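To start, the structure itself, in structure tokens.
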Protein chains: 2
Amino acid sequence: MQNNSRFTLSDLAKLAGVSTSTASRALRGNPIIKQQTRERIQALALEHNFSLNAAASRLRTQRTHVIAVILNLTEHTEQSINDPFLLKVVGDLNQALNERNYELLLSNSFMAKDDWTQYFIKSSRADGLIVVGQAKSDTKMIAAAEAGAPIVVWGDPHASAKYTVVGSENRLGAKQATEHLIKLGHTRPVFLGDLEHAEMGERYKGYCDALAAHNIPLDDSLVMSTDLTYQAGYDCINQSVKTNGLNFDGIFACSDMVALGAMKALKERYVNIPVDVAIIGFDDIPMAEMSHPALSSIKQNTKLAAEIMVTELLRQLNGEPGQSHAVGIELKIRHSSDPTRT
Amino acid sequence: MQNNSRFTLSDLAKLAGVSTSTASRALRGNPIIKQQTRERIQALALEHNFSLNAAASRLRTQRTHVIAVILNLTEHTEQSINDPFLLKVVGDLNQALNERNYELLLSNSFMAKDDWTQYFIKSSRADGLIVVGQAKSDTKMIAAAEAGAPIVVWGDPHASAKYTVVGSENRLGAKQATEHLIKLGHTRPVFLGDLEHAEMGERYKGYCDALAAHNIPLDDSLVMSTDLTYQAGYDCINQSVKTNGLNFDGIFACSDMVALGAMKALKERYVNIPVDVAIIGFDDIPMAEMSHPALSSIKQNTKLAAEIMVTELLRQLNGEPGQSHAVGIELKIRHSSDPTRT
DNA sequence: TTGAAAGCGATACCAA
DNA sequence: TTGGTATCGCTTTCAA
């Protein structure tokens, strides 16, 4: 501990022989201040390791330059908190925010108090909210939006939402994935996912679209609802095969984690993947290409999505209205669905 | 936007017919205030959705109740930013901090300005720093510690550090991993990792310990230095086998990501795992048990580590001296090293 | 182009 | 047990 007595703007100003007003303006590069003065003060600040007190500045300006990112998880803690996909989104958001000179306050829905607007916005902890994951209920998001809080949510962009949503073309992605299986001759594909979840509901529609496009009747026994975890995917497929035998020849899973769980269950039973059962997931997490066989998937463009989310949020901070966006997806074909690929 | 005019403590006080001093004390549950008054004011606050202005409070108290968590990444951005292990640590830190009523400001070493103390501490953005990843150079950490900033680093706890470090028993873990391979008859194990990295250096020592304990001479050609990524692990083993043939019968990899890359390279060459080559990694990421064969690994107790890091940091905030801690590890035996396991 | 001074909203000392 | 009041450090209006 060397320099304990705080070195404030007024100290700096005194040192430079100017008023705090001038010093403040100079540091912010206000052109109203003579360039020479500006440079002198900036140099002095650098030399003395000076930095403005953010708390004071925030109090005065009523702006924090902080965005709260809330990981909106479901009850089973262990689930999504380890989902590499969600964490990737957080990483990308961090990057996008920093580039615009905003900081990221990380929270999750277990920790954050119930009233987000009150806790983050009214209290001057953050200027806006980004929620990752629509989960099954969006009452908190709606409440925040209605209270006037700037908010952007990662979720299903086609939801008739009362708040701004950015997300992938879920329905299209699911359709492409399912069609990919069908075209390779797998006409009895399973839908594996969580129907109560908005994004997954869209993916289910895409699955149905693909079946319809190929005149394949929907077989309810192939629609399996399950949590979005590795373990749940494993259990679900394991149970299904045990009970009904191998009455399907493909799997479209709503997340790669689920797909990998399903794959494990099949491998344990020596099912030939992709010949007897072709599998495709969603998200394209890094693990997808590492699995054996490498997992086909629908890649979500999280980097682009993160940038859009931040842009939208800053728009709202400027008083402009928000607008939802759907981000394109990309079919990644690998060996788990197509034997000609690696 | 409904309630735009800010509702401040003084408004609340007026409403309650008391002074701001009393209101402030009541809200914080100060027992000096008559219980009846306290409850009345708290109820009023709840009713009016009141929350204290954090910026003002921080300015006045000179405490932010915020901890900056810095992801300290190496140059190759793409690398660690996707490493599930590091992200898990962040998740656990978030939990541990929230439990103690602290918030987490997320940064990474690319974004954070150079002088951490100045940017985070002097500027009243955070009360302390937690750095995840020692990387290859620790000059910034040393600078922060010398400037008197409360700081705790995730890294190698046996480093002769000038700052508080919390980390796993790297040497012991590596020794156990390597011995596990040896005991199963794999007497020519490769060491796969990045020797410039402090934690990995310790793991290398552990690897040597195990060899020495079994009177196996160290063979330099089996020590392979590589980046800690999936791709690097793949390339390294691929290249090695191509050049020298299969001149090893086991792999101890410094991270699961590297191990999985190596595994993929071997599988492509139809090497029998674990019979011909047994593999074990480090970290025990979720993917480890999903891979095929499931990957043996050394589990790091990140949850406990996160709690210790937070405890240590709060200690420093109280002016007490910091102390480094080594957290125990656990050998997880799976099929990639032991054919009798699943 | 610069300076004086008011005030952002809480906390805590001192008095009562 | 409560209240008055001086700060915390910065930004910004108004005046010079």
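Values reported hereafter were calculated over all heavy atoms of this structure, with side chains retained and with hydrogens, waters and symmetry mates removed. Because the structure is a prediction, the values reported are computed rather than measured. Labels below follow one simple rule: chain letters A, B, ... track the order of the sequence lines, proteins then strands, and each chain is numbered from 1.
Looking at A/Leu27 and A/Leu9, their side chains come closer than 4.5 Å, going by heavy atoms from C-beta outward. Looking only at side-chain heavy atoms (C-beta outward), A/Val90 and B/Leu87 stay at 4.5 Å or farther from each other. Contact check for A/Lys140 versus A/Asn72: no side-chain heavy atoms found under the 4.5 Å cut-off. By the 4.5 Å heavy-atom criterion applied to side chains, A/Ser51 and A/Phe7 are not counted as neighbours.
Partners of B/Glu199 under the salt bridge (charged side-chain N to carboxylate O under 4.0 Å, His left out) rule, at least two apart in sequence or in another chain, are B/Arg203. Residues forming a side-chain hydrogen bond (donor to acceptor under 3.5 Å, both in side chains) with A/Ser24 (at least two apart in sequence, or on another chain): none. A/Ile142 pairs by the side-chain contact (heavy atoms from CB on, under 4.5 Å) definition with A/Asp138, A/Glu146, A/Lys162, A/Tyr163, not counting sequence neighbours. Annotation: side-chain hydrogen bond (donor to acceptor under 3.5 Å, both in side chains) contacts of A/Gln323 (sequence neighbours excluded): none. Judged as a side-chain hydrogen bond (donor to acceptor under 3.5 Å, both in side chains), and not counting sequence neighbours, A/Gln36 has no contacts. Under the salt bridge (charged side-chain N to carboxylate O under 4.0 Å, His left out) criterion, A/Arg125 pairs with B/Glu103, sequence neighbours left out. Residues forming a side-chain contact (heavy atoms from CB on, under 4.5 Å) with B/Arg25 (at least two apart in sequence, or on another chain): B/Ser21, B/Asn30, B/Ile32, B/Ile33.
The side-chain hydrogen bond (donor to acceptor under 3.5 Å, both in side chains) analysis of residues 307-317 of chain A, with sequence neighbours excluded, yields the pairs A/Arg100-A/Thr311, A/Thr164-A/Gln316, A/Glu312-A/His325, A/Arg315-A/Glu320.
Computed from coordinates, the B/Arg6 CZ to C/dG9 P distance equals 7 Å when rounded to whole Å. Following rounding to the nearest Å, B/Lys14 (NZ) and C/dA10 (P) show an atom-to-atom distance of 12 Å.
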Check: protein-nucleotides 1-5 of chain C nitrogen or oxygen pairs below 3.5 Å:
unit_1, atom_1, unit_2, atom_2, d
C/dT2, OP1, A/Thr37, OG1, 2.9
C/dT2, OP2, A/Lys34, N, 2.9
C/dG3, OP2, A/Ser19, N, 2.9
C/dG3, OP2, A/Ser19, OG, 3.2
C/dG3, OP2, A/Thr22, OG1, 2.6
C/dG3, N7, A/Arg25, NH2, 3.0
C/dG3, O6, A/Arg25, NH2, 2.9
C/dA4, N7, A/Ser21, OG, 3.2
C/dA4, N6, A/Ser21, OG, 2.9

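An angle of 30°, rounded to 10°, separates the two end axes of the helix from C/dT1-D/dA16 to C/dA16-D/dT1, each defined over five pairs.
Using a 4.0 Å cutoff on non-hydrogen atoms, the parts of residues 54-62 of chain A near DNA chain C are A/Leu59, A/Arg60, A/Gln62, ordered by number.
Along DNA chain D, the stretch of nucleotides lying under 4.0 Å from any heavy atom of chain A spans, 5' to 3', D/dG9 to D/dT13.
Here the closest non-hydrogen pair linking A/Ala144 and A/Leu129 is CB-CD1, 4.1 Å.
Among the atoms of the strands shown, base atoms are found under 4.0 Å from some heavy atom of B/Leu9.
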